[in-house]
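A short worksheet on the structure shown next.
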Amino acid sequence: MDKWKVLVVEDDTPVRNLITVTLSAEDYSVFTAASGAEAVSEAASRNPDIILLDLGLPDRDGVEVIETIRSWADTPIIVISARDEDADKIGALDAGADDYITKPFSVAELLARLRATQRRLVHSAAGRSDPVFRNGALTIDYAAGCAWLDGEELKLTPIEYRLLCLLAQNVGKVLTHKYITQHIWGIGWENNIGSLRVFMATLRRKLESSPESPSYIQTHIGVGYRMIRVD
Ligand code: CA
């Protein structure tokens with residue numbers, strides 16, 4: 001198969017060079033941009049498979065760059081941020097970023113995130129029109145409106161089922177509290193994170209063999225939740 005194309009958007013030259021050298025050594029095809037304007041034009045002309053995007057750019061906010069790219073492409077965007085404030089991550093995720101990584105990060109961590117994103121892309125390309133979702137021991141039959149774990153039907157309430165489907169449809173992506181509450185309950189529920197926690201807890205008790213160390217649904221404290229691709 002062709003090399004994976006990664007667009008690296010970072011205005012800090014040493015960091016950009018480090019990422020470029022690392023990814024090239026791992027056999028990725030790397031393109032770079034040092035500003036928001038360059039990021040948009042490179043994303044449009046190179047058609048990358050994955051975009052690594054620093055949020056603090058000299059000419060415009062990274063969130064604006066995400067919004068612009070999202071107007072035509074659903075390319076996975078992994079945000080790289082020196083700022084570890086939750087508000088920045090949440091703003092980026094709500095604008096359509098898929099994942100985030102906080103500086104300083106290790107090369108191993110960066111490569112692991114890229115591989116996870118690649119797995120997700122391969123799975124979603126294979127299962128795009130499949131009415132049955134499979135992830136480890138979990139199966140969801142969207143047409144039948146049922147979910148199973150190890151062949152045993154999960155007895156879910158309607159809200160738990162919708163939560164599970166929303167996470168499954170976005171497997172590998174971090175979903176913010178706001179995104180989830182708006183999709184499950186509609187506008188006006190943004191601040192009802194308490195209810196979300198309660199439903200998430202009951203869903204996990206049914207789904208996870210040990211809810212304290214979940215294997216399917218990851219918590220991002222202060223940010224949201226993500227279903228992990230298990231297989
Ligand atoms: Ca920067």
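When a ligand or atom number is given, it counts from 1 through the structure's own listing order.
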Margin query: The test is side chain to side chain contact (heavy atoms under 4.5 Å, CB included); show your working for Val132 and Tyr142 and say whether it passes.
Written below: CA-CA 6 Å; Val132 179; Tyr142 294 121; over 6 Å; no
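- Near the Ca ion (ligand 1), less than 3.0 Å away, sit the protein N, O or S atoms Asp11 OD1, Asp54 OD2, Gly56 O.
- When each of Ile78, Ile80, Val223 is tested with Tyr100 by the rule side chain to side chain contact (heavy atoms under 4.5 Å, CB included), just one qualifies, namely Val223.
- Between the Asp54 side chain and the Val9 main chain, no donor and acceptor come within less than 3.5 Å of each other.
- Residue Val30 is not grouped with residue Leu18 when hydrophobic side chains (ILVMFWY) are merged at heavy-atom distances under 4.5 angstrom, including chains of intermediate members.
- Arg70 pairs by the side chain to side chain donor-acceptor pair (under 3.5 Å) definition with Asp98, not counting sequence neighbours.
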Notebook entry, point to check: Would Ser215 and Glu208 count as a side chain to side chain donor-acceptor pair (under 3.5 Å) if you check the C-alpha gap in whole Å, the side-chain angles of each, and the deciding distance to 0.1 Å?
Noted result: CA-CA 7 Å; Ser215 45; Glu208 306 279 6; 3.2 Å; yes
